[in-house]
Amino acid sequence: MPTALITGVTGQDGSYLAELLLQQGYRVVGMVRRTSTLNFHRIAHIQEQLELVPGDLSDQVSLIHILEEYQPEEVYNLAAQSFVQTSWNQPVFTGDVTALGVTRVLDAIRIVNPRIRMYQASSSEMFGKVVEVPQKETTPFYPRSPYGVAKVYGHWITINYRESYNLHASSGILFNHESPRRGLEFVTRKISHQAAKIKLGLANELRLGNLDARRDWGFAGDYVRAMWLMLQRDTPDDYVVATGETHSVEQFLDVAFEHLDLDWREYVVQDERFMRPAEVDLLVGDPSKAGRDLGWEPTVSFAELVRMMVDADLQLLRDGAIAV
Ligand code: NAP
Ligand code: G4F
């Protein structure tokens with residue numbers, strides 16, 4: 001039975017990837033950081049099948065010890081300070097975890113066992129103020145946030161360790177991917193959750209920032225499959241993972257509120273607090289290399305994704321569960 005280590009197992013992608021690897025017969029080790037209250041809600045349904053181990057991307061020693069103790073064949077580095085807006089408030093912390101954290105993982109692999117295969121969670125946010133449409137693996141980066149800058153560092157240090165030490169390290173340049181497990185601070189889940197509340201009479205407005213921003217939104221369950229496929233290849237490489245379609249925040253609102261027989265214009269209030277110091281206006285990826293080499297393609301359309309998220313939030317609220 002192969003062993004995989006997932007950093008960021010308590011996050012959206014970590015939970016879907018853990019499910020996938022368990023289905024594939026892996027022993028799955030999840031690295032979790034110490035928090036004052038438990039935050040295992042996304043993995044609660046599979047927690048008994050996982051081995052959870054304390055560690056932190058800012059602590060090199062913890063990473064080396066985990067690799068020595070569990071001897072994984074594959075490491076999926078999903079941990080990061082992943083919220084773009086927060087990266088302006090905490091730029092140094094974001095750089096330490098999201099950028100330098102990648103070096104710590106790579107160096108732990110180099111020291112403990114350079115045959116370990118590693119996946120790095122790179123991001124379409126690296127394209128920022130895009131210089132080419134659609135964006136592909138060769139498109140130059142122009143990050144627009146401390147988070148985007150940190151991800152560019154993580155991307156290049158992964159390539160550098162691959163070339164310097166011959167590591168099997170691959171980066172997935174993933175475009176935005178969402179699900180009912182998305183954090184409430186991200187725009188898609190903020191909309192699906194608040195729209196469901198409005199429908200149930202639990203709220204009467206939704207405060208948002210820039211409605212014109214366009215993103216290439218896919219389903220997280222599809223995207224973790226691409227991560228796994230990358231590590232099954234003989235040769236490590238970098239891949240854009242995207243749907244190839246772009247939609248505005250306004251279009252997301254259209255589908256979400258229409259699904260609830262509501263008109264978002266009656267509820268949405270634009271609020272300066274949610275505007276960014278520098279915006280990424282348009283993202284749309286070209287996933288043809290992932291299609292060709294990995295046989296990967298998305299299975300959930302934009303409208304299906306929006307409705308899935310709204311339905312899940314309606315159900316959550318009807319059940320009286322606390323949204324997380
Ligand atoms: P997420 O839900 O925010 O999860 C982030 C995970 O990282 C959480 O498990 C978090 O732990 C963990 N973490 C944060 N700081 C850490 C530290 N110092 N040490 C160890 N763990 C730490 O993010 P996601 O959406 O699943 O994304 C997964 C990865 O893909 C991230 O690297 C993200 O930047 C990248 N990415 C995401 C997207 C997207 O659209 N979702 C697109 C491209 C790239 P806690 O639960 O303790 O906070
Ligand atoms: O949902 P968002 O916060 O996601 P963003 O900034 O695109 O970042 C996500 O995707 C990246 C991949 O490209 C990941 F690397 C990253 O970790 C994260 O998962 O914002 C999407 C868009 C932005 O243009 C933002 O300005 O929505 C706009 N927006 C408008 N009103 C808002 C809001 N975003 C948030 N979070 N909250 C608002 O009220």
Side-chain angles (χ1 to χ4, degrees), residues 6-18 30-35 37-43 54-59 62-63 76-87 93-94 96-98 100-102 104-105 119-128 135 143-145 147-148 150-151 154-155 171-179 181-191 194 206-220 223-224 227 240-242 248-250 252-253 268-271 273-283 285 324:
I6 304 176
T7 73
V9 72
T10 53
Q12 171 189 256
D13 292 7
S15 68
Y16 282 107
L17 180 64
M31 189 181 88
V32 293
R33 52 183 182 159
R34 192 266 164 183
T35 47
T37 43
L38 277 189
N39 61 351
F40 293 171
H41 52 273
R42 293 190 182 96
I43 49 170
D56 198 297
L57 278 202
S58 56
D59 186 327
S62 68
L63 298 170
Y76 295 85
N77 183 39
L78 308 187
Q81 190 302 96
S82 74
F83 189 40
V84 172
Q85 184 96 46
T86 290
S87 74
F93 173 76
T94 301
D96 187 36
V97 175
T98 306
L100 282 181
V102 186
R104 295 191 187 100
V105 173
Y119 171 83
Q120 166 56 18
S122 286
S123 166
S124 53
E125 190 65 19
M126 302 189 300
F127 297 123
Q135 296 84 53
R144 293 273 279 173
S145 61
Y147 168 84
K151 281 289 179 186
H155 187 76
S171 284
I173 307 174
L174 270 53
F175 283 63
N176 298 51
H177 46 279
E178 320 292 315
S179 74
R181 298 183 200 167
R182 188 59 143 150
L184 283 166
E185 68 274 35
F186 298 93
V187 77
T188 54
R189 182 79 196 289
K190 185 172 171 181
I191 293 172
Q194 196 69 0
L206 166 55
R207 305 187 83 84
L208 292 172
N210 176 15
L211 305 188
D212 297 325
R214 302 183 74 88
R215 291 290 182 276
D216 181 330
W217 277 298
F219 171 54
Y223 286 44
V224 298
M227 300 174 187
V240 160
V241 180
S248 64
V249 173
E250 192 171 312
F252 196 103
L253 284 165
V268 170
V269 179
Q270 276 200 288
D271 188 329
R273 282 180 305 153
F274 301 109
M275 299 290 188
R276 295 178 176 182
E279 179 61 287
V280 172
D281 297 319
L282 163 75
L283 291 175
V324 278

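In each ligand, atom 1 is the first atom listed, and ligand 1 is the first ligand listed.
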Which ligand 2 atoms, with their elements, are less than 4.0 angstrom from a heavy-atom of Ser123?
11 (C), 12 (C), 13 (O), 14 (C), 15 (F)

Any atom of ligand 1 sitting under 4.0 Å from a heavy atom of Ser122?
yes

Heavy-atom distances under 4.0 Å are what count here, so tell me which part of His177 touches ligand 2: side chain, backbone, both or neither.
neither

Considering both backbone and side-chain atoms of Arg33, is one of its nitrogen or oxygen atoms within less than 3.5 Å of a nitrogen or oxygen in ligand 1?
yes

Relative to ligand 1, is Arg182 under 4.0 angstrom through side chain, backbone, both or neither, heavy atoms considered?
side chain

For a quick check under 3.5 Å, do Gln81 and Thr86 share a side-chain donor-acceptor pair by atom type?
no

With heavy atoms and a 4.0 Å threshold, my read on which part of Gln85 contacts ligand 2 is neither

Whether Phe219 and Tyr16 hold their rings parallel, tilted or perpendicular, with breakpoints at 30° and 60°
perpendicular

Does ligand 2 have a heavy atom under 4.0 Å from the side chain of Leu283, from its backbone, from both, or from neither?
side chain

Does Gly209 reach ligand 2 with a nitrogen or oxygen that is under 3.5 Å from one of the ligand's nitrogen or oxygen atoms?
yes

Could you tell me whether some N/O pair between Asn77 and ligand 1 is separated by less than 3.5 angstrom?
no

Consider every N or O of Phe175 and every N or O of ligand 2, then say whether any pair is closer than 3.5 Å.
no

Measure the distance from atom 31 (C) of ligand 1 to every protein heavy atom, then report the residue, atom name and distance (to 0.1 Å) of the closest one.
Leu78 O, 3.0 Å

Taking non-hydrogen atoms only, is Gln12 closer than 4.0 angstrom to ligand 1 via side chain, backbone, both or neither?
both

Considering only heavy atoms, does Phe83 approach ligand 1 within less than 4.0 Å through its side chain, its backbone, both, or neither?
neither

What is the closest protein heavy atom to atom 17 (C) of ligand 1, and at what distance does it sit?
Asp56 OD1, 3.5 Å

Proximity winner for atom 4 (O) of ligand 2, if only heavy atoms of Asp216, Val84, Asn176 are counted
Asn176

Sub-4.0 Å atoms of ligand 2 with respect to non-hydrogen atoms of Glu279:
23 (C), 24 (O), 25 (C), 26 (O)

With a heavy-atom distance limit of 4.0 Å, tell me whether Leu57 approaches ligand 1 through its side chain, its backbone, both, or neither.
both

